[in-house]
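In this chain, numbering begins with 1 at the start of the sequence shown. We count ligands from 1, going down the list as the structure has it; atoms in each ligand are counted the same way.
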Amino acid sequence: MSKKIQPVKKSRKMIVAGVMSGTSADGIDVALVAIPERSSLRGSNSIQLLGHAAFPYPSQVRRAVLTAMNAQSASVADLARLNSLLGELYADAVFATQKRFRVHADLVGCHGQTLYHQDEARPFLGRKINTTWQSGEAAIIAARVGAPVISDFRPTEMAAGGKGAPLVPYLDYLWFRDATTGRIVQNIGGIANLTAIPAAASPGKILAFDTGPGNMVIDALTQELFKKPFDRDGKIAASGEVLEQVLAHFLRFPFFNSKPPKTAGREEFGREFVDDFLRLCQRGRNQDVIATATALTARSIADAIRRFVLGTKSKLPKSSANRTTNPTRTSHYHEIILSGGGARNSTLVAMLAEQMSSLGIVTRFSDEFGLPSDAKEAVAFAVLAYETWHKRPSNVPSATGARRPAILGKISYA
Ligand SMILES: Nc1ncnc2c1ncn2[C@@H]1O[C@H](COP(=O)(O)OP(=O)(O)O)[C@@H](O)[C@H]1O
Ligand SMILES: [Mg+2]
């Protein structure tokens, strides 16, 4: 009997573009990744980053986005127009990135621009309602790019009983989990959020939540007091002194006290918070205000880690819990891995690293692990889109509080 030789099947790769624009409203990040078609994702080695690029919003668009986010009331016509305009800008951004790296995306995952996020259900017209709203018309992106687009990840998650956030822990787990090192993955965007991954953890053991402001308060104050979009490299903060009393006052803000799961946005740390902050800083110099806002980000992250990550007895892996006499000992988390625009603010990083070293935690950067700081969230939405395309769930219920795993997002076909 002659043996039939089977041809070796070369696995095709799917090119996915991830498009992210965060609460900083600084612009659009695009990442192009290649993932073997149909592969079930087990780790970072099945995700190849082909390239990434950032596209700042034109200043009038940034202003319009910030205005819409902060508005008590807004024109419906303007919101509808903004939705289409953002769709055009996202399409342009994907186009330009494809051109730069000479590949065409088979699929796009677009987060959209969050204009409103309220994860607690509150009475509204006779019903209790929670809601999350990302703008940026996916149908326009699909038509212009010529590839299907997955969008609206958060509303699906919320409908499954979760808070709709955070969604990046899915990627954090794939990329950063380790058999022997417990890691805290800390993104510092407009809002700061962490994913705590104990050594050798299963997905159910991940803890993830928003710790509070990232750059949002620093940015708003820098714009107000220095007419600059942000405190580049933390230079202004470095020239000021922290107003300790003001810092202590704002660390008592209710959000910091509430237990995870929890999410934050402009609703908590937007205009109103910033106005209060400025009022209490009256006696300080302008650079002291920025230094104090920077310290608020660093301290609120450190406090959240101390209280909710290290202080959580149940999150200790059994073996290390047995080894130590003090259940809040920190030895099972050895590293914090920073990403997001805030990782470029040297003053913020120095303040945070000092806090971490007192907990025995070493500060590292996402870039060291092959995932550039600026690209991480865009890569995350490429990966979530890939999973959705293959009808697989990608929320992390232990992080969002969802009742069940959910396939995230909606599809717009080209
Ligand atoms: N070189 C830098 N120095 C200090 N801060 C920076 C620098 N680059 C970016 N940032 C900060 O990072 C923010 C953008 O971070 P990003 O991760 O894109 O947040 P988001 O996801 O909210 O859009 C900017 O608004 C700015 O505050
Ligand atoms: Mg951004």
Side-chain angles (χ1 to χ4, degrees), residues 18-31 52-59 61-63 65-66 69-70 86 89-90 93 110-115 117 134-136 153-154 165-168 171-172 185-194 210-240 263-270 274 287 290-291 293-294 296-298 301 337-352 365-367 371-381:
V19 187
M20 178 65 197
S21 39
T23 42
S24 295
D26 56 328
I28 306 165
D29 297 307
V30 181
H52 67 101
F55 304 87
Y57 282 141
S59 58
V61 175
R62 181 173 203 216
R63 220 171 306 128
V65 169
L66 290 172
M69 283 172 166
N70 286 310
L86 290 175
L89 296 181
Y90 291 145
C110 181
H111 173 273
Q113 182 70 59
T114 297
L115 292 184
H117 183 89
Q134 285 74 44
S135 185
F153 296 85
R154 297 194 193 276
L167 299 183
V168 177
L171 175 71
D172 287 339
V185 186
Q186 178 73 54
N187 189 68
I188 311 176
I191 290 295
N193 53 277
L194 68 74
D210 289 348
T211 54
N215 304 294
M216 189 177 277
V217 177
I218 306 170
D219 281 4
L221 291 165
T222 306
Q223 284 152 29
E224 180 110 5
L225 300 174
F226 293 89
K227 308 290 170 229
K228 290 180 180 165
F230 60 90
D231 180 16
R232 186 172 293 279
D233 305 331
K235 289 233 166 75
I236 302 174
S239 69
T263 69
R266 278 188 195 276
E267 298 73 16
E268 288 78 16
F269 298 104
V274 167
Q287 58 269 42
I290 306 302
T294 307
L296 179 69
T297 294
I301 291 173
I337 300 165
L338 305 184
S339 63
R344 297 217 224 142
N345 181 327
S346 321
T347 309
L348 174 58
V349 170
M351 286 176 175
L352 184 57
F365 294 87
S366 177
D367 311 61
L371 190 54
S373 228
D374 307 337
K376 196 181 101 174
E377 297 218 317
V379 171
F381 284 92

Checking a contact table here: which protein heavy atom is nearest [atom], and how many Å away?
| atom | answer |
| --- | --- |
| atom 5 (N) of ligand 1 | F230 CD1, 3.6 Å |
| atom 13 (C) of ligand 1 | N215 ND2, 3.5 Å |
| atom 14 (C) of ligand 1 | D26 OD2, 3.2 Å |
| atom 1 (N) of ligand 1 | D233 OD1, 3.2 Å |
| atom 12 (O) of ligand 1 | G341 CA, 3.1 Å |
| atom 21 (O) of ligand 1 | G22 CA, 3.5 Å |

Practice item. State the atoms of ligand 1, each with its element, that fall below the 4.0 Å cut-off from a heavy-atom position in G342. Key: 12 (O)
Point to revise | Proximal ligand 1 atoms for G190, defined as those under 4.0 Å from one of its heavy atoms | key: 19 (O), 20 (P), 22 (O)
Could you tabulate the donor-acceptor pairs under 3.5 Å formed by side-chain atoms of residues 20-30, not counting sequence neighbours?
from: S21; atom 1: OG; to: Y57; atom 2: OH; distance (Å): 3.4
from: S21; atom 1: OG; to: Y90; atom 2: OH; distance (Å): 2.6
from: S24; atom 1: OG; to: G190; atom 2: N; distance (Å): 3.1

Looking at every heavy atom in both [X] and [Y], which two are closest together, and how far apart are they?
| X | Y | answer |
| --- | --- | --- |
| T347 | A238 | OG1-CB, 3.6 Å |
| F381 | R154 | CZ-NH2, 4.0 Å |
| M351 | A291 | CE-O, 3.8 Å |

Check your understanding: Applying a 4.0 Å heavy-atom criterion (strictly less than), which segment of D231 is in contact with ligand 1: side chain, backbone, both, or neither?
Key -> backbone
Review point. Is it the side chain (CB and beyond), the backbone, both or neither of D219 that lies under 4.0 Å from ligand 1, heavy atoms counted?
Key: side chain
Would you mind reporting whether [Y] and [X] have side-chain heavy atoms less than 4.5 Å apart?
| X | Y | value |
| --- | --- | --- |
| T297 | N215 | no |
| S339 | L371 | no |
| T211 | Q186 | yes |

Check your understanding: Does any N/O atom on G340 come nearer than 3.5 Å to any N/O atom on ligand 1?
Key -> no
Exercise for review: Kindly confirm or rule out an N or O of T23 lying under 3.5 angstrom from an N or O of ligand 1.
Suggested key: yes
Practice item. Quickly, which of V274, L221, I191 forms a side-chain contact (heavy atoms from CB on, under 4.5 Å) with M216? Name it, please. Key: I191
Revision key, fill the gap. For the Mg ion (ligand 2), the nearest N/O/S atom on D26 is atom OD1
Exercise for review: Mind jotting down which residue pairs meet the salt bridge (charged side-chain N to carboxylate O under 4.0 Å, His left out) criterion with at least one end in residues 372-381? Sequence neighbours excluded, please.
Suggested key: D172-K376, R344-D374
